[in-house]
Every structure is written in structure tokens, then in C-alpha cells.
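Written out below as C-alpha cells is the structure these notes cover.
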Amino acid sequence: MTEHTYTILLDPRGKGRPVFTRATGHARTPETTRSWEHEAAHQLREQHGDLGTLDGLSPMWGVRIAAYHPRPKTRPGYLPRALWAVADYDLPATSRHDLDNVVKIVLDALQVGGVLLNDRCIVAIDAASWFAGHGQRGRVEVTLTDVTP
């Protein structure tokens, strides 16, 4: 079993909805989405090196994505006070970007960064959204594992 792990040192962000232009009828990706995607792709490219696309190594891959959002200044109502006080504990995050949109932007960044030729080779997805521990910054951890039938 082959495994490749990457860390994107950016606050997690969801893929934005396309913006349609009335004059031309064309859709374009919002600038905030595009800039996050390209910075993430740059970091993935640096970490991946000259391995080539993973699609060539195996036709099917599973991905595990852990999105760590910066901890908010005030405690969300769904978290108990005692748990909020624990400094190094990763707490579930439900109040940030939709997790499915985070997955979309990460898979697109893997493509733009040259790690994957096409994200259709992803056959399994495991994703989670957390608040980072105190003093930790936002990030996205991505692990790709080859899948054998």
C-alpha cells in the first residue's frame, strides 16, 4: 500500500460558487477561490517533487482530508466549556465552510499542483473538519492511499 501525505499551510476554505457574467453568459471562478487553489497547488507541488502524477502509479486512490480551522475567539454553543478549555484538543468544527466544498477545492488543488492528472481517480473520500488546538494555525492535511480492488 502506497501512501502520500501533504500539508497545506492555509486556512481551510470552501470552493466558491461560479460567478456568471450576463454580457457573455460565461461562468468564472471567484478570485478568492482561485488564489487559494493556486497557493495550495504551489505548496503541494513543492512537497510532491518530481514524482509525476500519482495516476500513473495506480488507477485508483483514496483521500483523507483533515481541515483544521483557526480556533474562534468565543466558544461555539455546541461545545461544553470544559472541552473548550483543553488547550491541545482538536474540536469538531461545524460553523465554518461546508466540508464538501473544502473537499472540492482540495481535489482541484491536487490537480492544478500536478499531484493528480484528474481527480476522477479518487474512489474513496474520508473528510473531517476541526478547530485547531490553541496556538496552532489553520491547515489542511491530505493523505492519498492507493486502492487495490
Side-chain angles (χ1 to χ4, degrees), residues 2-79 84 87-147:
T2 306
E3 191 171 279
H4 298 271
T5 302
Y6 309 94
T7 301
I8 301 169
L9 297 174
L10 298 170
D11 291 348
R13 172 171 220 58
K15 181 130 181 141
R17 295 185 184 274
V19 178
F20 291 92
T21 306
R22 279 189 175 182
T24 62
H26 291 97
R28 62 178 176 77
T29 303
E31 183 56 38
T32 54
T33 296
R34 191 177 7 207
S35 64
W36 191 97
E37 207 171 81
H38 284 286
E39 177 57 32
H42 175 71
Q43 291 182 23
L44 289 166
R45 198 176 302 116
E46 284 183 344
Q47 294 174 46
H48 187 66
D50 295 330
L51 295 176
T53 61
L54 295 180
D55 311 43
L57 299 175
S58 175
M60 296 180 289
W61 291 88
V63 65
R64 188 171 54 249
I65 298 172
Y68 292 93
H69 300 275
R71 203 175 265 232
K73 292 180 175 127
T74 58
R75 176 184 61 88
Y78 63 89
L79 292 173
W84 184 250
D88 60 348
Y89 189 70
D90 294 329
L91 301 167
T94 61
S95 60
R96 297 293 172 148
H97 300 282
D98 289 350
L99 188 55
D100 61 324
N101 290 326
V102 173
V103 169
K104 288 177 199 174
I105 199 168
V106 169
L107 292 179
D108 288 348
L110 286 167
Q111 253 183 258
V112 173
V115 176
L116 298 173
L117 184 61
N118 196 317
D119 60 6
R120 69 175 169 226
C121 70
I122 302 295
V123 296
I125 298 172
D126 178 17
S129 184
W130 306 95
F131 287 125
H134 288 291
Q136 294 181 353
R137 62 184 292 187
R139 67 194 182 280
V140 180
E141 296 176 358
V142 182
T143 304
L144 290 161
T145 310
D146 67 329
V147 175

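What you see below is based on every heavy atom in this structure, not just the backbone, and it leaves out hydrogens, waters and symmetry mates.
- Here the side chain of Tyr68 pairs no donor or acceptor atom with the backbone of Glu141 at under 3.5 angstrom.
- Between Ile8 and Leu44, the closest side-chain pair of non-hydrogen atoms falls below 4.5 Å.
- Other residues, nucleotides and ligands contribute at most 12 non-hydrogen atoms within 6.0 Å of the CZ atom of Arg120.
- The backbone N or O of Ser58 lies less than 3.5 Å from no partner atom in the side chain of Asp146, so there is not a single donor-acceptor pair.
- Summarising the geometry, atom OG1 belonging to Thr145 is positioned 13.0 Å from atom CE belonging to Met60; distances are rounded to the nearest 0.5 Å.
- Formation of a donor-acceptor pair under 3.5 Å by the Thr53 side chain with backbone atoms of Val115 is not found in this model.
- Between the Arg75 side chain and the Leu79 main chain, a donor and an acceptor come within less than 3.5 Å of each other.
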Give the C-alpha distance, both sets of side-chain angles, the deciding distance and a yes or no for side chain to side chain contact (heavy atoms under 4.5 Å, CB included) between Val140 and Ile65.
CA-CA 7 Å; Val140 180; Ile65 298 172; 3.8 Å; yes
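- The two atoms that bring Trp61 and Leu54 nearest to each other are NE1-O, 3.1 Å, heavy atoms only.
- Val147 approaches Gly62 most closely through the heavy-atom pair CG2-N, 3.4 Å.
- A pairwise comparison of heavy atoms in Leu144 and Tyr6 identifies CD1-CE1, 3.9 Å as the closest pair.
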May I have the step-by-step check of side chain to side chain contact (heavy atoms under 4.5 Å, CB included) for Ser129 and His69, ending in yes or no?
CA-CA 7 Å; Ser129 184; His69 300 275; 3.0 Å; yes
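- Using modelled atom types and a 3.5 Å distance limit, the side chains of Glu39 and Gln43 yield a donor-acceptor pair.
- What you find for Phe131 and Pro70 is that their closest heavy atoms are CD2-O, 3.6 Å.
- Using a 4.0 Å cut-off between charged nitrogen and carboxylate oxygen, Arg34 and Glu31 count as a salt-bridge pair.
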Step by step, would you call Ile105 with Trp36 a side chain to side chain contact (heavy atoms under 4.5 Å, CB included)?
CA-CA 8 Å; Ile105 199 168; Trp36 191 97; 3.6 Å; yes
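- The distance from the CG atom of Asp108 to the NE2 atom of His38 is 10.0 Å, given to the nearest 0.5 Å.
- Here OG of Ser35 is found 9.0 Å from CG of Leu10. Values are rounded to the nearest 0.5 Å.
- The line from OG1 of Thr7 to CZ of Arg139 is 7.5 Å long, rounded to the nearest 0.5 Å.
- The two residues Phe20 and Ala27 come nearest to each other via the heavy atoms CE2-CB, 3.5 Å.
- The residues Lys15 and Glu37 are annotated as salt-bridged, a charged nitrogen and a carboxylate oxygen being separated by less than 4.0 angstrom.
- Of all heavy-atom pairs between Ala41 and Ala109, the closest is CB-O, 3.7 Å.
- Side-chain N or O atoms of Arg45 include none that pairs as donor or acceptor with a backbone N or O of Gly114 at under 3.5 Å.
- To the nearest 0.5 angstrom, Asn118 atom CG is 10.5 Å from Leu107 atom CG.
- Defined by atom type and a distance below 3.5 Å, a donor-acceptor pair is missing between the side-chain atoms of Thr143 and His4.
- Rounded to the nearest 0.5 Å, atoms CD (Gln111) and CD1 (Ile122) are 9.5 Å apart.
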Intermediate values then yes/no, side chain to side chain contact (heavy atoms under 4.5 Å, CB included), Leu91 and Arg71
CA-CA 9 Å; Leu91 301 167; Arg71 203 175 265 232; 3.7 Å; yes
